[in-house]
Peer 1: 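I am attaching a structure below and will ask some questions about it afterwards.
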Amino acid sequence: MGEKGDSGPQQATTAEEFVAALRDLKERTGLTYRQLEERAAERGEVLARSTLAEVLGGRRAPRPELLGAFVRACGDAGRADEWIEAWEALARKGAGPTAVDERARFPVNVLVNILRLRVPSRVVVVAMAVAALTAAVTAWSVLSTGDAGDGGKAGNGGDGGPAAASASVWPRLPGGRVQIRPVVADGMCVTDGRVRGYEPLVAVQRPCGETAPQETLLEPLGGSNYRIRWYHPDHGRACLKALDGTAVAGLLEPWEACDQASRFHIEPTGADGSRRYTLRVEGQGCMAVKGAAKTANTAVVMRPCEAKPHHVFVIEPAP
């Protein structure tokens with residue numbers, strides 16, 4: 001690493017250039033996010049792949065400990081301090097934000113440019129809202145055409161999976177992109193998010209209009225069994241796995257290794273045609289909204305199955 005002519009940290013004069021240099025460093029390793037996470041773990045360091053994807057996607061400012069763990073996992077340990085010092089220098093000069101809201105979903109350079117403006121706060125809020133909306137619409141437009149680095153398969157079932165098979169097995173579920181909506185919380189959809197005490201992305205409920213560019217598909221496994229598959233242009237493909245263990249029991253985390261993910265037994269409930277279902281994982285209970293809460297960013301978890309509204313979800317085609 002650090003060979004002559006590479007895009008090192010000292011050459012970056014803006015946050016955008018710094019993030020581009022980080023992406024170059026990852027690309028030269030040829031490693032996946034999970035492999036980098038595993039390499040860091042071997043050194044006793046934490047490098048959550050979902051957090052790293054957000055940093056490399058320009059939606060989150062890198063913390064010093066993440067930068068160090070990432071650079072060392074990339075095999076460039078000798079320059080870890082150099083990378084950290086370069087980022088801190090950019091922050092001191094105002095060329096990069098010192099902190100970014102963890103829920104921010106638009107590029108760092110947009111934030112930088114807005115924060116540089118000496119305008120009333122009301123104008124800043126409007127500018128941020130416009131930037132976020134533009135980024136979301138652009139991402140959705142790309143995904144809807146199937147041209148998002150996923151071989152044209154992410155949105156139309158082109159791999160012969162959801163679109164081709166789900167209509168022919170019981171229960172009759174929609175193919176292609178779907179929405180999984182908690183009955184207990186109007187306007188919410190199951191998507192990616194974060195919960196306190198656990199760094200990686202997990203399943204939460206958020207307003208359906210805020211789920212793009214993440215998309216959800218059902219992968220038929222025979223009969224009424226499915227995997228819940230997510231696709232995100234930064235994180236790639238992953239399938240939901242119900243976690244066990246003292247601190248994380250019941251959380252649903254997207255795993256790249258779909259063969260190790262959970263099998264959901266999807267059963268219709270209520271009147272015919274209501275599109276209401278319960279989603280059960282053998283030995284781990286049923287999917288539910290934690291605490292039957294109606295608020296955004298509430299975790300969607302596995303709980304002992306009960307005939308209650310927060311255990312029921314509507315599954316329908318995504319708009």
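By convention here, the first residue in the shown sequence is residue 1.
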Peer 1: Should E37 and R39 count as an ion pair when the cut-off is N to O under 4.0 Å?
Peer 2: no

Peer 1: What residues form a side-chain contact (heavy atoms from CB on, under 4.5 Å) with S262, not counting sequence neighbours?
Peer 2: K241, A242, F264, V281, Q284

Peer 1: Quick one: does P64's side chain get under 4.5 Å of E88's, heavy atoms only?
Peer 2: yes

Peer 1: Can you name the ring-ring contact (aromatic ring centres under 6.0 Å, His included) partners of F18, sequence neighbours left out?
Peer 2: W83, W87

Peer 1: To check you understand the geometry: which heavy-atom pair defines the closest contact between V190 and A203, and what is its length?
Peer 2: CG1-CB, 4.1 Å

Peer 1: Which atom pair, heavy atoms only, marks the closest approach of P182 to I180?
Peer 2: CD-O, 3.8 Å

Peer 1: Side-chain contact test, heavy atoms from C-beta onward, threshold under 4.5 Å: evaluate it for Q10 versus E82 and give yes or no.
Peer 2: yes

Peer 1: Mind jotting down which residue pairs meet the salt bridge (charged side-chain N to carboxylate O under 4.0 Å, His left out) criterion with at least one end in residues 288-307? Sequence neighbours excluded, please.
Peer 2: E306-K308

Peer 1: List the residues meeting side chain to side chain donor-acceptor pair (under 3.5 Å) with E316, not counting sequence neighbours, and say none if there are none.
Peer 2: R181

Peer 1: Between L31 and L25, is there a shared hydrophobic cluster once you connect ILVMFWY residues whose side-chain heavy atoms come closer than 4.5 Å?
Peer 2: yes

Peer 1: Please tell me if the side chains of L243 and L252 come closer than 4.5 Å, counting only heavy atoms from C-beta onward.
Peer 2: no

Peer 1: I'd like to check the side chain to side chain donor-acceptor pair (under 3.5 Å) partners of R72; sequence neighbours left out, ordered by chain and number.
Peer 2: E45

Peer 1: Output yes when R60 and E199 qualify as a salt bridge under the 4.0 Å nitrogen-oxygen rule, no when they do not.
Peer 2: yes

Peer 1: What pairs meet the disulfide bond (SG atoms under 2.5 Å apart) rule with one or both residues in residues 287-319, with sequence neighbours excluded?
Peer 2: C286-C305

Peer 1: Rounded to the nearest 0.5 Å, what separates atom CG in L67 from atom CD in E85?
Peer 2: 11.5 Å

Peer 1: Judged by modelled atom types alone, do E253 and Y198 share a side-chain donor-acceptor pair under 3.5 Å?
Peer 2: yes

